[in-house]
Amino acid sequence: MKLSKRYQPKEVEEKIYKRWEDSGLLQAKVNKSKKPFCIIMPPVNANGSLHVGHAVFITLQDIMIRHQRMRGKEVLWLPGVDHAGFETQVVFEKHLKKQGKTRFQYSAQQLYKMIWDFCQENSKLVKHQFKTLGCSCDWSREKFTLDKDIIDVVYQTFERMYRDGLVYRGKRIINWCPNHGTSLSDLEVKHKTVAGKLYYIRYPLVKEKDKYIVVATTRPETMLGDTAVAVNPKDKRYKALIGQTVSLPLIGRTITIIADKRIDTAFGTGAVKITPAHDPLDFEIGEDHQLEIINVINKQGVMTHQAGKIYAGLEEGACRDKILQELKQLNLLEKTEDYRHSLGVCYKCETPIEYLISEQWFLRVKALAEKAITVAQRKKIEFIPAYFKKTYLHWMKNIKDWNISRQIIWGIRMPIWYCKKCGATIVTRGEEPQTCPYCKGTELVREKDTFDTWFSSGQWPFASLIAQKNKRKSKHGIFEETSQDFHYFYPTAVMETGRDILFFWVARMIMLGLYATGKIPFRHVYLHGLVLDKDKQKMSKSKGNVIDPLGVAEIYGSDALRMALVFGTSPGRDIVISEEKIIAQKKFANKIWNATRFILLNNPATIENKTDFSQAIKIISPADQRILKGLQKTIDTVNKDLEQFKFHEAAQTIYHFFWHQFCDDYIEASKKQMDDPKEKENTQRILLYSLLSSLKLIHPFMPFISEEIYQHLPLKNKKKCLMVESWPQFKKKIK
RNA sequence: GGACGAUUAGCUCAGUGGUAGAGCAUCCGCUUCACAUGCGGAAGGCCGCAGGUUCAAAUCCUGCAUCGUCCACCA
């Protein structure tokens with residue numbers, strides 16, 4: 001067998017992937033005699049092609065999967081595609097915009113169909129890209145987050161939550177993005193520091209018209225909705241005023257001065273105007289003091305009729321100008337200061353968030369969070385790196401009810417109907433009710449809202465397993481029917497994902513998993529960082545510094561890219577990648593290739609016929625001693641590193657052993673040893689043995705080249721693929 | 001305002017109680033029959049600063065500085 005002088009990944013990779021696929025060895029089987037090892041792949045957004053961040057998770061998860069497979073575990077790496085509700089609709093709207101269109105030109109059904117097709121196209125592309133990068137996942141189990149059986153699971157969970165009183169519909173203050181026309185969860189609101197102004201406004205006392213209480217605000221237009229002024233009860237300046245009334249300027253409404261300890265005496269004047277309808281804190285204070293709620297701004301950012309005849313219909317900004325002018329004329333604007341403050345904006349389009357009262361569905365999370373805290377504290381779930389546990393616990397401890405309804409069409413529509421006759425709310429497991437169970441009314445209207453994507457993807461670990469074909473009745477958790485897969489593979493072993501979605505996704509999966517199945521969804525959470533370019537800049541299309549993983553794989557090979565992504569990185573930290581780094585690993589691939597060429601050129605048929613040539617190995621020379629000892633140490637180190645999720649360390653250990661110990665030292669020594677008839681055959685055995693062991697160690701990191709070489713090795717008891725060879729171990733200890 | 005992380009060779013980063021490591025870059029020498037995508041050799045660091053614990057600290061503790069990230073209702 002002759003190998004070309006240089007390693008040519010393009011000639012190898014596609015062929016090798018096909019070999020894995022055709023072998024059927026990627027498919028998991030429920031096998032009670034083996035220990036399961038399952039990773040649920042974070043479902044990839046179906047709204048674009050893979051970027052280098054995907055390549056990171058593919059590499060890390062494939063390393064774990066391939067390692068455990070070779071260790072003899074029954075592995076399942078379950079791939080998925082995410083409809084990614086809001087995110088996809090945003091991406092799709094950008095596409096429309098390029099064509100000079102908007103979402104308003106289409107009916108909900110039309111839009112849904114268009115986005116559906118868009119996602120289908122993307123998933124095909126993405127699937128091909130996964131294969132290019134060497135993902136050894138089980139394609140027969142691939143799921144889409146909008147598959148019917150997945151939606152069924154989500155509906156069952158929701159219906160159960162409704163019966164358990166965990167979800168409720170309420171008119172509460174929510175974050176509204178006027179651009180996207182939907183509510184957003186607190187996590188989807190980003191805070192940005194902006195240069196604004198702080199306006200000091202005089203509110204005249206009703207009793208003594210020439211006296212004022214001065215309030216400071218950044219949003220004077222909201223004063224039209226004020227229903228109180230609040231001061232801190234400990235604030236001596238205002239003690240006498242508590243309980244008194246003021247006349248709201250311009251409007252003349254009489255409102256009361258109340259005391260609330262949430263008011264900071266040091267800020268502004270220490271007196272705050274309270275607008276329950278348009279500020280989250282004011283809403284809370286309003287609830288506690290049972291203040292009236294007056295909506296003065298609508299979802300389009302326009303003043304409502306409740307703002308008063310003069311202001312109704314004005315845009316917010318115009319209204320602000322008008323009010324300021326009028327206050328000035330009345331000498332009620334005491335002063336204006338420049339003021340830098342943080343403004344809530346939509347995390348996607350940076351449009352300032354409008355805080356509004358709106359009827360939405362909420363999930364009560366406190367009780368769920370408590371359990372999610374306990375499993376982390378008791379180390380049922382462990383974080384890698386460990387410090388993320390603190391971040392996680394801090395978030396969980398301060399969690400607030402979660403707004404799970406969205407006013408977008410691309411998503412899972414909520415299984416809720418309202419009876420027109422009696423006004424009852426009917427929640428089902430997805431089936432459409434014919435009559436109202438309370439009044440037998442037949443006019444039922446379905447809720448238009450969809451779920452926050454994270455509400456359904458938070459159920460992904462169990463949903464993707466339950467929604468497999470091998471169904472069976474279950475007494476598990478809240479589901480009537482699950483699957484053999486679920487029983488065998490759940491809880492899963494590791495959740496590996498980006499640290500940027502710790503709260504969005506990981507935290508929710510833990511809460512929802514515990515609720516729905518009574519079990520943790522995974523034992524370990526491994527978080528990786530962002531991928532940065534060599535100048536430590538975030539990669540973005542606008543900066544033009546994006547590394548396209550597929551382009552790189554095309555030029556240097558997928559193995560080189562994968563190795564470069566783990567080399568010199570550590571868990572949780574940002575990953576700095578550069579072309580130089582990838583080239584270095586391409587050279588490593590070439591080194592492996594040429595070492596193999598040397599061995600095969602010097603490895604006559606005598607070795608091939610020995611069934612277990614490794615048993616016949618003897619230590620004759622000091623070089624023999626060094627290499628075998630080195631190999632043993634390498635195996636030990638790599639094992640330890642992989643157990644502790646130190647993939648970067650393992651990669652470097654293998655790299656160093658192969659290049660500097662095996663090639664530089666032993667192969668050089670072997671040239672002389674093979675001239676000596678007494679040592680020749682033994683040296684050949686050691687060469688082959690060391691190479692085979694190295695290939696096994698390298699395989700999880702660089703699967704293509706290691707598999708290709710394996711297929712060329714003259715071995716008697718050869719497995720169909722290196723992928724399912726046994727992980728190397730040393731039988732005899734070498735001192 | 002709070003939390004977390006970082007600070008190690010020119011660059012990008014590993015290491016985390018026991019004489020400082022890798023990749024890239026640099027310098028010198030090699031057309032040695034696996035590989036010039038290579039081989040041999042060299043240079044380069046009071047491991048952010050100041051204290052403390054220890055026989056021993058880059059590594060543990062305390063404080064500080066600088067950078068970064070996340071969280072947060074300062075109107």
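Letters A, B, ... mirror the listed sequences (proteins, then strands); counts begin at 1. It should be emphasised that the depicted structure is a prediction, and the values quoted were computed from it without experimental measurement.
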Modelled atom types, side-chain donor and acceptor of [X] and [Y], under 3.5 Å:
X         : Y         : answer
Gln673(A) : Asp624(A) : yes
Tyr7(A)   : Glu708(A) : no
Gln661(A) : His656(A) : no
Gln585(A) : Tyr556(A) : no
Asn403(A) : Ser183(A) : yes
Glu13(A)  : Ser558(A) : yes
Gln644(A) : Lys646(A) : yes
Lys273(A) : Thr275(A) : yes

Which atom pair, heavy atoms only, marks the closest approach of Pro276(A) to Leu291(A)? CG-CB, 4.3 Å
Quick one: list whatever passes side chain to side chain donor-acceptor pair (under 3.5 Å) with Trp505(A), sequence neighbours left out. none
If you count the non-hydrogen atoms of other residues, nucleotides and ligands that lie under 6.0 Å from NZ in Lys366(A), is the total more than 12? yes
N/O contacts under 3.5 Å, protein versus nucleotides 22-26 of chain B?
none

Give RNA chain B the dot-bracket treatment, 5' to 3': Watson-Crick (N1-N3 with N6-O4 or O6-N4) or G-U (N1-O2, O6-N3) under 3.5 Å, [ ] crossing, | other strand. ((((((((.[[[[.)..(..]]]].(((((.......))))).....[[[[[..)....]]]]])))))))....
Measure the distance from CZ on Phe662(A) to P on C39(B) and round it to the nearest whole Å. 14 Å
A correct 5'-to-3' footprint of nucleotides 65-75 of chain B, with B, S and - meaning base, sugar-phosphate only and no protein heavy atom under 4.0 Å, is -----SS-BBB
Distances for protein N or O near nucleotides 15-18 of chain B N or O, under 3.5 Å:
unit_1: G15(B); atom_1: OP1; unit_2: His648(A); atom_2: NE2; d: 3.4

Below 3.5 Å is the cut-off: list the nitrogen or oxygen pairs between protein and nucleotides 28-35 of chain B, distance only.
unit_1: A34(B); atom_1: O2'; unit_2: Asn594(A); atom_2: OD1; d: 2.6
unit_1: A34(B); atom_1: O2'; unit_2: Arg597(A); atom_2: NH1; d: 2.9
unit_1: A34(B); atom_1: N6; unit_2: Glu668(A); atom_2: OE2; d: 3.1
unit_1: A34(B); atom_1: N3; unit_2: Asn594(A); atom_2: O; d: 3.2
unit_1: A34(B); atom_1: N3; unit_2: Ala595(A); atom_2: N; d: 3.3
unit_1: C35(B); atom_1: O4'; unit_2: Asn594(A); atom_2: OD1; d: 3.0
unit_1: C35(B); atom_1: O4'; unit_2: Asn594(A); atom_2: ND2; d: 3.4
unit_1: C35(B); atom_1: O2'; unit_2: Asn590(A); atom_2: ND2; d: 3.2
unit_1: C35(B); atom_1: O2; unit_2: Lys591(A); atom_2: NZ; d: 3.0
unit_1: C35(B); atom_1: N3; unit_2: Lys591(A); atom_2: NZ; d: 2.7

